S.K.: 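Dumping the structure here so I can ask a few things about it.
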Amino acid sequence: MQSVLVKDVQSYNGQEVSLRGWVYNLRSSGKIWFLLLRDGTGLIQGIVSRNDVTEEVFNQKDNLTQESAIRISGLIHEDKRAPGGYEIIIKELHVYQVAKDYPIALKEHGAEFLMDNRHLWLRSRKQWALLRIRHTVYYAITQYLNENNFIRFDSPILTPNACEGTTTLFEVPYFDLGKAYLSQSGQLYLETGIMSLGRVYDFGPVFRAEKSKTRKHLTEFWMMDAEAAFVEHEENMRIQEGLIRFVIRKALTECKAELEILERNVEQLEKADAPFKIMTHREAVEYLRSKGSSMTETEDLGAQDESLLTESSDVPIFIEKWPKEIKAFYMKRDPQNPDIVLGDDLIAPEGYGEIIGGSQREDDYDLLLQRMIGEKMPLAEYQWFLDLRKYGSVPHSGFGVGLERLVTWIAGVPHIRETIPFPRTIYRLRP
Ligand code: 4AD
Ligand code: MG
């Protein structure tokens, strides 16, 4: 008999097929019992009735347990009331393995318990939905970039220097060469790539020794860095907006069921697919002060500030033109004001905070060198980066999207840790 996937059963209405997967739930009432089967692509109800099957199959109701692995064969039958709209009238049942005492029951458990059992928790419906949204967001990002002439350019993870400040570097012993660091962002390498390919991106794990225990920080997360030659600050923001709106639309059309499982307010997400707002850092500070904040003009935004800024906005907000003291060495000085750099942070609505950090890059050799000397950076380690400003330097810009931050917002979940299969935080390295 033909093995099919749960997601495809509507094409087999009235036919006999096999399905393979795991028992999600079981209930029985006298001459009939029901199981919910999940196979990775969806959930379907199976019905076993005493009249249709051998006694051996019927008695499996006393043997099977949640998460037992089985193959069932039977007739696909449309039923509007069933989850997914179809059910299977089971005739045969093969047991691969009976699961003993599966620890995660279909009820509420504490977060720590679930995280300790992450290897099993991944099978739960909400986790399933989240991982599928992550998949869709990942491919939407790459599709948008491919359609906009960005070439994939994989940056190294083992690096000799820092991209984003030295306080969050992870060190690794590196043979006779001393120390290596795990990459915080591939950006500096991508800047070399544009001189060959014009527009490039990478997409992979990056690492930050973040000592903060917040619901927005991981120590290992996935970043997509994009970089483009001849793109300046304004256009850089337009590319970011185009990308995020494309991702929203993809998630809304391809992840309807998943968003429903997560009880995401999709109207709110739909509203975010409209022109984004732009505010300078100074305007943001003035606004926050008018709301009672005591922050100064050279301070970074905290999580509360970000929430307050987007409180009455349905769309993400770009915060642009930052004081140079609080931004990275590579950002281009604003030609209109030497104290300001042409950086942008994109803040998601609904309190989800920063999802993108980007900027136009300093392309002038002397200005970049001055800034690096000012920050007491080890120049020898960055000579290759300075070289880019010596041999055909051009205006260029780029940005980095935190995949898990973006998925947290799109899926509307409260904590970043559920958006990656195995989250790493200051307090968690296992499983
Ligand atoms: O703003 P960040 O630090 O920017 C960079 O690393 C640039 N070099 C990127 C570039 O221009 N190519 O990080 C970019 C994004 C943040 O906006 C946030 O979404 C995410 O990465 N991010 C984190 N996500 C999870 N956990 C953390 N600890 C994160 N730190 C940053
Ligand atoms: Mg940032």
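Whatever order the structure lists them in is the order used to number ligands and atoms, beginning at 1. As the structure is a computational prediction, the values presented were derived from the model and not from experiment.
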S.K.: Tell me which part of Leu346 gets within contact of ligand 1: side chain, backbone, both or neither, using heavy atoms under 4.0 Å.
M.R.: neither

S.K.: Classify the ring geometry between Phe385 and Phe329 as parallel (under 30°), tilted (30 to 60°) or perpendicular (over 60°).
M.R.: perpendicular

S.K.: At a 4.0 Å threshold, what atoms of ligand 1 neighbour a non-hydrogen atom of Ser185?
M.R.: 6 (O), 7 (C), 8 (N), 9 (C)

S.K.: Looking at ligand 1, would Lys216 count as a contact under a 4.0 Å heavy-atom criterion?
M.R.: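 Within the 4.0 Å threshold, so yes.
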
S.K.: Hey, are Ser185 and Asp225 close enough side-chain-wise for a donor-acceptor pair under 3.5 Å?
M.R.: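 Result is yes, a qualifying pair exists.
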
S.K.: I'd like to check which ligand 1 atoms, numbered from 1 as shown, lie under 4.0 Å from a non-hydrogen atom of Gly400.
M.R.: 9 (C), 10 (C), 11 (O), 12 (N), 14 (C), 15 (C)

S.K.: Using distance alone, with no hydrogens and no angle criterion, decide if Thr419 and Arg417 have a side-chain donor and acceptor under 3.5 Å apart.
M.R.: no

S.K.: Going by the atom numbers of ligand 1, which of them fall below 4.0 Å from some non-hydrogen atom of Ile416?
M.R.: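 Those atoms are 25 (C).
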
S.K.: Less than 3.5 Å between some nitrogen or oxygen of Leu218 and one of ligand 1, yes or no?
M.R.: yes

S.K.: Is a side-chain donor-acceptor pair under 3.5 Å present for Glu299 with Thr296?
M.R.: yes

S.K.: For Asp225, counting its heavy atoms only, list the atoms of ligand 1 lying under 4.0 Å from any of them.
M.R.: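 Numbered from 1, ligand 1 contributes 9 (C), 10 (C), 12 (N).
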
S.K.: Side chain, backbone, both or neither: which part of Glu354 has a heavy atom under 4.0 Å from ligand 1?
M.R.: both

S.K.: What protein heavy atom lies closest to atom 18 (C) of ligand 1? Include the residue and the distance to one decimal.
M.R.: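 Ranking protein heavy atoms by distance from atom 18 (C) of ligand 1, first comes Arg405 NH1, 3.6 Å.
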
S.K.: Suppose we measure from atom 13 (O) of ligand 1 to each protein heavy atom; which comes out shortest, and what is that distance?
M.R.: Arg208 NH2, 3.7 Å

S.K.: Could you tell me whether the side chain of Leu388 reaches within less than 4.5 Å of the side chain of Leu386, counting heavy atoms only?
M.R.: no

S.K.: Is the NZ or CZ atom of Arg118 both under 6.0 Å from the centre of the six-membered ring of Trp121 and within 45° of that ring's axis?
M.R.: yes

S.K.: Just to be sure I read this right, does ligand 1 sit under 4.0 Å from the backbone of Glu404, its side chain, both, or neither, counting only heavy atoms?
M.R.: neither

S.K.: Has Glu354 got an N/O/S atom less than 2.8 Å from the Mg ion (ligand 2)?
M.R.: yes

S.K.: What is the ring orientation for Trp322 with His281, classed by angle as parallel under 30°, tilted 30 to 60°, or perpendicular over 60°?
M.R.: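 Tilted, since the angle between the ring planes falls between 30° and 60°.
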
S.K.: With a 4.5 Å cut-off on side-chain heavy atoms, are Glu112 and Tyr427 touching?
M.R.: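 When only atoms from C-beta onward are counted, Glu112 and Tyr427 do not touch, as no gap falls below 4.5 Å.
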
S.K.: Could you tell me, atom by atom, which parts of ligand 1 come under 4.0 Å of a heavy atom of Gly357?
M.R.: 1 (O), 9 (C), 10 (C), 11 (O), 17 (O)

S.K.: Anything under 30° is parallel, anything over 60° is perpendicular, the rest tilted; go ahead and classify Phe276 against Phe318.
M.R.: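 Tilted.
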
S.K.: Show which atoms of ligand 1 fall inside a sub-4.0 Å distance from at least one heavy-atom site of Tyr330.
M.R.: 7 (C), 8 (N)

S.K.: Answer whether the closest heavy-atom distance between the side chains of Arg152 and Asp202 falls below 4.5 Å.
M.R.: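 In short, these two side chains do not touch, never coming nearer than 4.5 Å.
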
S.K.: Taking only heavy atoms of Arg361 into account, list the atoms of ligand 1 that are under 4.0 Å away from them.
M.R.: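 So the atoms of ligand 1 that pass are 10 (C), 11 (O), 12 (N).
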
S.K.: Does only the side chain of His217 get under 4.0 Å from ligand 1, or the backbone, or both, or neither? Count heavy atoms.
M.R.: both

S.K.: With heavy-atom distances below 4.0 Å as the criterion, list the atoms of ligand 1 near Ile356.
M.R.: 17 (O)

S.K.: Is it the case that the side chains of Gln66 and Tyr24 hold a donor-acceptor pair, with the cut-off being a distance below 3.5 Å and no angle test?
M.R.: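 Judged by distance alone, the side chains do not pair up.
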
S.K.: Geometry only, no angles: is Ile355 polar-contacting ligand 1 at N/O separations under 3.5 Å?
M.R.: yes

S.K.: Does the distance from a Lys or Arg side-chain N to an Asp or Glu carboxylate O, for Arg282 and Glu297, drop under 4.0 Å?
M.R.: yes

S.K.: Of the side chain and backbone of Phe221, name the one, both, or neither that has a heavy atom under 4.0 Å from an atom of ligand 1.
M.R.: side chain

S.K.: Looking only at protein heavy atoms, which one is nearest to atom 7 (C) of ligand 1, and how far off is it?
M.R.: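 I find the closest protein heavy atom is Glu164 OE2, 3.3 Å.
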
